[in-house]
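Have a look at the structure below, then the notes.
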Amino acid sequence: MAKATFQKPKGTADLYGQNVLAWQKIEQQARLIFSRYGYGEIRTPIFESFDLFSRSAGDTSDVVTKEMYDFFDKGDRHMALRPEGTAGVVRAFVENKLFGPEHEKPYKTFYMGPMFRYERPQAGRFRQFHQIGVEAFGSTEPSLDAEVITMVVKFLDSLGLKDLKVALNTLGDQESRAAYRQALIDYLKPHEAELSKDSQVRLEKNPLRVLDSKDKNDQVIVQGAPTIFDYLSEESKAHFEAVKGFLNDLGIQYEIDPAMVRGLDYYNNTIFEVMTTDPDLKGAATIAGGGRYSGLVEEFGGPETPGIGFGLGVERLIALLTAQNQLNLKASGLDFYLAHIGDASQALTLELATKLRDLGFSADLDFAGRSVKAQFKTANRRQARFVITIGDEEVATKQVKVKDMVTGKQAAMDLSKMDEQIEDVMAELVAEEAE
RNA sequence: GCGGUAGUGGUGAAGUGGUUAACACACUGGUUUGUGGAUCCAGCAUGCGAGGGUUCGAUCCCCUUCUACCGCCCCA
C-alpha cells in the first residue's frame, strides 16, 4: 500500500456486482417503454465543441461559467465533456439533416449515458453522472407535451417509484415571457433591499429565479408577485389549457407550480419536473425535468423547428428507488455447479460445463483446486440448483451424479446421452420435491 | 467557488502518545481423508488515506494534500 495508488477521479463512481443490476434494469425499462412510444435511440459523442454547449446554455449560466468540464485537445480545440444531452442531440439532428422529409415528424428520440459537470460532489450529485433523456422535434401540438410527460410518469411507475409528483408550469412564448419578466422586475425592484443577497443577484441575472428561492423571507415577498398566467398570450394560454386537458384525460396527476422555472433561455411554454414528495430525500427531490423549447435548432443552423424533451438523473432515480426499497434485485442463481475431484476429472468437468452452457444453462465450476466440501459450499452460495459431481469413477463410467440442492436427491446421468437425458433428470428431481 | 464533518483489515467498526491494533460479519482451512447451508476450532491489518513535522516514541498532537459525506450556489 506504500506504492503509489490510484483513486477514481473526484465525483465519479465504479459500478459493479449488485449495483449494476439496478442500472441494467432502469436502462432496459427505458428502452422498452420509450420504444413503445415510438422513440428511437440516438448516441452522440460524450464530448463536443465547448461552444456548442455555451451557445445552447447561454454564456452567463452557471453550467457554462463554472461547471463545464472543458479542455483543449492536442489540436488546440476547445472541447467540453457534455454537461447535458440536449445540445448534442440537437447538433446531431441538424448535422444529419434529420429534419428532412424522409424522417418521421415529429422526430422522436431518446438517449442515455454519462454527463459531466465540474462541481463539488455531494448528495446525489457527481462530476460524472448519468442521464436518460428524450427529445422530440418538429411539432408544437400540445398532445405531444402530454405524451412526453405521460411517458416519463409511466417509465417511473414501471420501476415502482412511489410518491411521484408532476409539477407543471408554462413560461409562455417569447412575448409573454418578456412581458412577464419586466412585470416581475417592476414588482421586485421596490423590495430589492429586503431580498436575500442571492436573490438580489438573481434579480439582475435571471429574475425568474427569485421565484424559487429557498430563502423564507424571499418566499414571502414572492407570494405577492404577479404570475405568468396574467401575461400569457392567447396562444400560450390555449396551449397550456390543452396540455392540462390531455393530462386529465390520461389520468396523469399533476400540480401547477407557478414558481417553477427552468434555467435555460430556450425554454418556452410547457415546462415540467417530476419529483418525489418523499420527505427523506430532500436533497434529491427532482428526478426529471424538461419542457418545450424553440430556437435551438435554428441556433445550430437548422430550420426553425420546435422541440420538447426531458432529462432524468439516473443516480437520483436509484437513490430514490433504493430509499423506497424498490430495488431488491438479485443475481439469478446458477443452474449447475460442477464439482470435480482431483485433476484427472478437470478436463471432463470443463467440457461438461461448456456443453451445459451450449444447451442454454448457466453453469460454473471451481478454478481454485479446492476440496469437494468447499466446492459444495460455493455451489450453495452461488445458489446453484443442481450440482454435478465428477471424480475418477465418473470419468471411468462416463456417468455422473446430478444432485438437486433443494431436496438433496441425486440421480445418475449418462454423459453420452446428456442431450436427451438432462431435461428428464432435472424434471425427475424437481418432481420428487413437489411430492 | 465558499463553509463544515470525517478517513483504522474485504465489510461494519472499538481503540490508545509507549510491549502482540478489540469485537463482529465475510472469506479460507479443518472437525478422520468424494458432497452443501448448523455447531465448534484455527487463520486472516509489519499497519491505522497520502506526505511532512512535534516527540525518546504516534494510528492517536500539528501542518499540507487527497477523498468521501453534509450545507450554500446551481442543478440531474
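Reminder, nothing fancy here: chain letters follow the sequence lines and each chain counts from 1.
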Quiz prompt | Footprint string (nucleotides 30-40 of chain B, 5' to 3'): B base within contact, S backbone only, - free, heavy atoms under 4.0 Å | solution = SB--BBBB---
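At least one side-chain nitrogen or oxygen of A:Arg209 sits closer than 4.0 Å to the OP1 or OP2 atom of B:C75.
At least one cation-pi condition fails for A:Arg82 and A:Phe47: the charged atom is not both under 6.0 angstrom from the six-membered ring centre and inside a 45 degree cone around its axis.
Between the base of B:C75 and the side chain of A:Arg316 there is a donor-acceptor pair shorter than 3.5 Å. Scanning atom types as modelled, one donor and one acceptor separated by under 3.5 angstrom connect the side chain of A:Arg120 and the base of B:G3.
Look at B:A45: it lacks any Watson-Crick or wobble partner with both distances under 3.5 angstrom. Base-pair partner of B:U55: not found among the strands shown (Watson-Crick or G-U wobble, both distances under 3.5 Å). Base pairing of B:U5 is made with B:A68, judged by Watson-Crick or G-U wobble geometry with both donor-acceptor distances under 3.5 Å.
In this structure, the nucleotide among B:U28, B:G1, B:A68 sitting nearest to the side chain of A:Arg370 is B:U28. Picking from B:C74, B:A68, B:A76 the nucleotide with the shortest atom distance to the side chain of A:Pro121 gives B:A68. For A:Lys10, the side-chain atoms get nearest to B:U67 when compared with the rest of B:C74, B:U67, B:A76. When the nucleotides B:G71, B:C2, B:C74 are ranked by their closest atom to the side chain of A:Gln122, B:G71 comes out on top.
To the nearest 0.5 Å, atom CG of residue A:Leu32 and atom CD of residue A:Gln29 are 5.5 Å apart.
Partners of A:Lys401 by side chain to side chain donor-acceptor pair (under 3.5 Å), not counting sequence neighbours: none found.
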